[in-house]
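Have a look at the structure below before the remarks.
Please read these numbers as outputs of a predicted model, since none were measured by experiment. All heavy atoms count here, side chains included; hydrogens, waters and symmetry mates do not.
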Amino acid sequence: MRKIAVVFFVVVAAIVLVNAVQAGDHEYVGADKCKMCHKVEFASWEQTTHAKATDAAKASKDPAYDAAVCTKCHATNNDEAMAGVQCEMCHGPGSDFKKMSIMKDKEAAVANGLIIPTQETCNKCHIDNGHSKVVDITAEMNNKAAIHEFKNPPAK
């Protein structure tokens, strides 16, 4: 009887461990999924340089477009099919926090992969390397040419 209990415990522990590991593997869903609830942000984002980043990279002559290099910053998830700097480039892959019940609870959303952008988020692409420039996220928060409008502006 003890052997059965031990085996049962090991199997349950393994299942819990596998589920915990898989929970960290958030998947990208694309901006079209985000816009269903974030209409204000999506509509203004479509007009930004971030939304048009892949097109801008493809039009570049200096340096010439190289998908393997350019999509790291000019496309979401390093994938031309997710053109532009979409929501998830800054806010993280949304598969596990896209549900309304999770999004309405900030702590739950963060626990499920939501990233609240910080300066470090911007620094992944905005570096002073002769091609891109460093940006200060606090100075850019009201730059409607670059960052979407906020239905609920971030606290200062």
Just by distance, do the side chain of Asn78 and the backbone of Lys72 share a donor-acceptor pair under 3.5 Å? yes
Could you give the distance from SG (Cys70) to CD (Glu80), rounded to the nearest 0.5 Å? 9.0 Å
Indicate yes or no for a side-chain donor-acceptor contact from Thr48 to the backbone of Trp45 under 3.5 Å, with no hydrogens or angles considered. yes
Say you draw a straight line from CG of Asn77 to OH of Tyr28; how long is it, rounded to the nearest 0.5 Å? 4.5 Å
Please check if the side chain of Thr71 supplies one atom and the backbone of Asp79 the other of a donor-acceptor pair under 3.5 Å. no
In terms of hydrophobic clustering (I, L, V, M, F, W, Y; side-chain heavy atoms under 4.5 Å; direct or indirect links), are Ile115 and Val110 co-clustered? no
Taking the side chain as everything from C-beta on, heavy atoms only, tell me whether Lys144 gets closer than 4.5 Å to Glu149. yes
Kindly compute the distance separating NZ (Lys98) from NE2 (His38), expressed to the nearest 0.5 Å. 12.5 Å
Heavy-atom donor-acceptor pair, Asp55 side chain to Lys58 backbone, under 3.5 Å: no
Interatomic distance, Cys122 atom SG to Asp136 atom CG [nearest 0.5 angstrom]: 8.5 Å
Calculate, to the nearest 0.5 Å, the distance between atoms CG and NZ belonging to Asn129 and Lys133 respectively. 13.0 Å
Between the side chain of Ser44 and the main-chain N/O of His148, is any donor-acceptor distance below 3.5 Å? no
Tell me, yes or no, whether the heavy-atom count around Lys106 atom NZ, taken from other residues, nucleotides or ligands under 6.0 Å, exceeds 12. no
Determine whether Phe150 and Ile137 fall in the same hydrophobic cluster, where Ile, Leu, Val, Met, Phe, Trp and Tyr are linked whenever their side-chain heavy atoms lie under 4.5 Å apart. yes
Any Cys37 side-chain heavy atom under 4.5 Å of Met100 side chain: yes
Any side-chain donor near an acceptor of the partner, Asn143 and Glu140, under 3.5 Å: yes
Aromatic ring pairing His126/His50, orientation class (parallel under 30°, perpendicular over 60°, tilted between): perpendicular
Are there over 12 heavy-atom neighbours, none belonging to Lys52, within less than 6.0 Å of that residue's NZ? yes
Any donor-acceptor pair under 3.5 Å linking the side chain of Gln86 with the backbone of Ala31? yes
Can you measure from OG1 (Thr121) to NE2 (His91) and round to the nearest 0.5 angstrom? 9.0 Å
Any link between Ile102 and Leu114 through a network of hydrophobic side chains (Ile, Leu, Val, Met, Phe, Trp, Tyr) touching at under 4.5 Å? yes
Spell out, as yes or no, whether a donor-acceptor pair under 3.5 Å connects the side chain of Lys124 to the backbone of Glu120. no
Is there a donor-acceptor contact under 3.5 Å from the side chain of Thr54 to the main chain of Gly84? yes
When clusters are formed by joining ILVMFWY residues with side-chain heavy atoms under 4.5 Å apart, either directly or through shared neighbours, do Ile116 and Met89 land in the same one? no
